[in-house]
Engineer: 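First the structure, which I've put down as structure tokens, then a few questions once you've had a look.
This chain uses plain numbering: 1 for the first residue, then up along the sequence.
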Amino acid sequence: MSQRELMSGLGVTGGLGGIVPRPVRKVSGPRVFAGEDLVAEEYSLTVVCHGEPYATLQCSPGQERYLVLGHLASEGLIATAGEVSRLDIDTSLGLAWVETSQARPDAAAGSPGRGLCWLSRRIDSRVRLTRDEIRRFARALEDLSVAYRLTGGVHGGLLFDHGREFCFHQDIGRHNVLDKLYGQCLAEGMATDDLVLSFSGRVTSEVVAKLGRMGIPVVIARSAPTSLALDMAHELGMTVVAFARGGRCSVYTHAHRVFP
């Protein structure tokens with residue numbers, strides 16, 4: 001089946017960035033089929049901060065400005081979008097040039113011994129969810145995840161603001177998804193204290209740390225959590241809902257937001 005036929009079958013019209021066709025030979029029992037498959041596009045984006053290479057991100061094309069803003073904030077180099085005095089991106093070169101209004105040397109140099117939560121903040125949100133809302137939020141993410149259905153190779157994240165869809169991003173890297181979401185919140189001046197995230201990936205300690213830096217009180221994940229992630233979420237005051245699919249879910253931490 002061709003790329004056009006696959007996309008048409010899923011109700012997708014026009015182009016879809018971040019997806020490219022590749023030749024493939026598929027094996028089914030004794031038979032071998034030659035054809036074309038859709039795969040997630042990946043490229044390298046190097047962030048140059050104050051004239052020095054800072055980080056190289058392996059990412060999907062699209063929304064690079066949000067990605068860079070969110071990454072800088074997650075790493076503690078900025079706290080607001082207003083602290084970025086220059087952000088120029090050339091995707092053909094795979095380069096992003098950044099200058100900030102104030103240097104944060106501790107963050108830029110790393111912080112040995114501080115642990116994953118050193119930039120996170122204690123979450124004290126009054127947001128509450130019903131089980132029907134959890135199912136609806138999980139389903140909304142599935143409905144938007146066209147690139148995943150076409151390739152099986154990307155993660156997705158959807159932020160809700162008081163029950164309304166605020167922004168959706170997808171990327172080959174689950175950390176990039178979170179950075180893109182964070183970057184859009186910063187760019188648009190959206191407070192994150194009462195936002196709810198519907199997320200396709202596993203809930204690991206690094207995911208919880210990023211969400212803690214954002215101040216997200218609830219994550220609804222399609223996949224599994226890890227033990228350290230749950231320990232961190234409990235300490236931070238974050239509600240972790242996992243295995244949210246098929247009308248089911250498991251609430252691991254701070255269940256009072258779901259079961260008052």
Side-chain angles (χ1 to χ4, degrees), residues 70 73-74 115-145 148-149 154-171 173-186 188 190-260:
S74 291
L116 289 170
C117 281
W118 76 274
L119 283 173
S120 301
R121 49 193 168 100
R122 175 75 185 179
I123 295 168
D124 185 21
S125 171
R126 295 185 179 181
V127 68
R128 297 293 186 270
L129 290 175
T130 67
R131 281 166 279 182
D132 284 342
E133 284 177 316
I134 290 175
R135 286 189 285 268
R136 178 167 66 85
F137 292 177
R139 180 64 186 178
L141 175 64
E142 291 181 10
D143 290 344
L144 288 172
S145 300
Y148 173 78
R149 296 201 298 275
V154 297
H155 286 287
L158 174 61
L159 281 176
F160 290 86
D161 176 26
H162 296 92
R164 300 182 299 273
E165 295 179 15
F166 169 59
C167 62
F168 167 76
H169 288 289
Q170 53 193 347
D171 199 280
R174 63 181 185 272
H175 297 159
N176 296 341
V177 170
L178 302 180
D179 285 342
K180 287 180 176 180
L181 293 168
Y182 196 6
Q184 183 166 353
C185 289
L186 291 169
E188 299 188 13
M190 169 64 76
T192 57
D193 304 75
D194 291 325
L195 300 184
V196 174
L197 172 64
S198 187
F199 185 55
S200 66
R202 290 178 294 117
V203 182
T204 64
S205 58
E206 291 178 327
V207 166
V208 169
K210 277 185 177 286
L211 296 179
R213 292 162 198 166
M214 295 173 67
I216 299 293
V218 181
V219 55
I220 301 168
R222 178 177 175 82
S223 300
T226 67
S227 62
L228 182 55
L230 295 179
D231 291 343
M232 291 170 57
H234 177 76
E235 179 182 346
L236 291 171
M238 184 186 302
T239 299
V240 174
V241 182
F243 301 111
R245 54 181 184 261
R248 300 179 180 182
C249 68
S250 300
V251 184
Y252 285 91
T253 58
H254 295 276
H256 65 277
R257 294 194 176 98
V258 180
F259 307 104

Engineer: Looking at every heavy atom in both Leu236 and Gly212, which two are closest together, and how far apart are they?
Structural biologist: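 Nearest heavy atoms, Leu236 then Gly212: CD1-CA, 4.2 Å.
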
Engineer: Got Leu195 and Met214 here, is their nearest side-chain heavy-atom distance under 4.5 Å?
Structural biologist: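 When only atoms from C-beta onward are counted, Met214 and Leu195 do not touch, as no gap falls below 4.5 Å.
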
Engineer: Would you check, one step at a time, whether the test side chain to side chain contact (heavy atoms under 4.5 Å, CB included) holds for Arg222 with Phe199?
Structural biologist: CA-CA 6 Å; Arg222 178 177 175 82; Phe199 185 55; over 6 Å; no

Engineer: Return the CD to CG distance between Glu206 and Leu228, rounded to the nearest 0.5 Å.
Structural biologist: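 Atom-to-atom, Glu206:CD and Leu228:CG are 10.0 Å apart.
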
Engineer: Are Ile216 and Leu159 close enough that some pair of their side-chain heavy atoms sits under 4.5 Å apart?
Structural biologist: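 They are in side-chain contact.
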
Engineer: Give, for atom CG of Leu230 and atom CE of Met238, the distance between the pair rounded to the nearest 0.5 Å.
Structural biologist: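 It comes to 11.0 Å.
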
Engineer: How long is the straight-line distance from OG of Ser74 back to NZ of Lys210, given to the nearest 0.5 Å?
Structural biologist: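 Those atoms lie 3.5 Å apart.
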
Engineer: Check this for me: Phe166, atom CZ, are more than 12 non-hydrogen atoms of other residues, nucleotides or ligands nearer than 6.0 Å?
Structural biologist: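 Yes, enclosed.
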
Engineer: Show the nearest heavy-atom pair for residues Ala233 and Val240, with the distance to one decimal.
Structural biologist: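 Taking every non-hydrogen atom into account, CB-CG2, 3.5 Å.
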
Engineer: For a 4.5 angstrom cut-off between non-hydrogen side-chain atoms, does Tyr252 reach Val203?
Structural biologist: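 Side-chain contact under 4.5 Å: no.
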
Engineer: Taking it one step at a time, do Arg202 and Val207 satisfy side chain to side chain contact (heavy atoms under 4.5 Å, CB included)?
Structural biologist: CA-CA 8 Å; Arg202 290 178 294 117; Val207 166; over 6 Å; no

Engineer: With respect to Ser200, which candidate in Arg174, Arg245, Glu142, His155 satisfies the side chain to side chain donor-acceptor pair (under 3.5 Å) definition?
Structural biologist: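 Of the listed residues Arg174, Arg245, Glu142, His155, the side chain to side chain donor-acceptor pair (under 3.5 Å) partner of Ser200 is His155.
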
Engineer: Is Arg122 atom CZ crowded by more than 12 heavy atoms from other residues, nucleotides or ligands, each under 6.0 Å away?
Structural biologist: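 More than 12 within 6.0 Å, yes.
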
Engineer: Kindly give the heavy-atom pair with the smallest separation between Gly157 and Val177, and that separation in Å.
Structural biologist: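 So the two residues come closest at N-CG1, 3.5 Å.
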
Engineer: Working to the nearest 0.5 angstrom, can you tell me the gap between Met190 CE and Tyr182 OH?
Structural biologist: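 Spacing of CE (Met190) from OH (Tyr182) equals 14.0 Å.
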
Engineer: Pick from Arg257, His234, His254, His256: which one makes a side chain to side chain donor-acceptor pair (under 3.5 Å) with Thr239?
Structural biologist: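 The residue from Arg257, His234, His254, His256 that satisfies side chain to side chain donor-acceptor pair (under 3.5 Å) with Thr239 turns out to be Arg257.
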
Engineer: I'd like to check Thr253 versus Pro225 (side-chain heavy atoms, cut-off strictly below 4.5 Å). Are they in contact?
Structural biologist: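 The answer is no; the side chains never approach within 4.5 Å.
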
Engineer: Quick check against the 3.5 Å criterion: does Ser125 have a side-chain atom that pairs as donor or acceptor with the backbone of Asp194?
Structural biologist: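 Side chain of Ser125 to backbone of Asp194, a donor-acceptor pair under 3.5 Å: no, none is there.
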
Engineer: Please check if the side chain of Ser198 supplies one atom and the backbone of Phe137 the other of a donor-acceptor pair under 3.5 Å.
Structural biologist: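 Side chain of Ser198 to backbone of Phe137, a donor-acceptor pair under 3.5 Å: yes, one is there.
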
Engineer: Rounded to the nearest 0.5 Å, how far does OG1 of Thr192 lie from CG of Leu197?
Structural biologist: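 OG1 of Thr192 is found 11.5 Å from CG of Leu197.
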
Engineer: Counting neighbours of CZ on Arg136 that are heavy atoms of other residues, nucleotides or ligands and sit closer than 6.0 Å, is the number greater than 12?
Structural biologist: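 Check passes, neighbour count above 12.
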
Engineer: Please report the shortest heavy-atom distance between Ser205 and Ala229, naming the atom on each side.
Structural biologist: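 Closest heavy-atom pair between Ser205 and Ala229: N-CB, 3.6 Å.
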
Engineer: Nearest 0.5 Å, please: how far is CZ in Arg126 from CZ in Arg128?
Structural biologist: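 Rounded to the nearest 0.5 Å, the CZ-CZ separation comes to 8.5 Å.
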
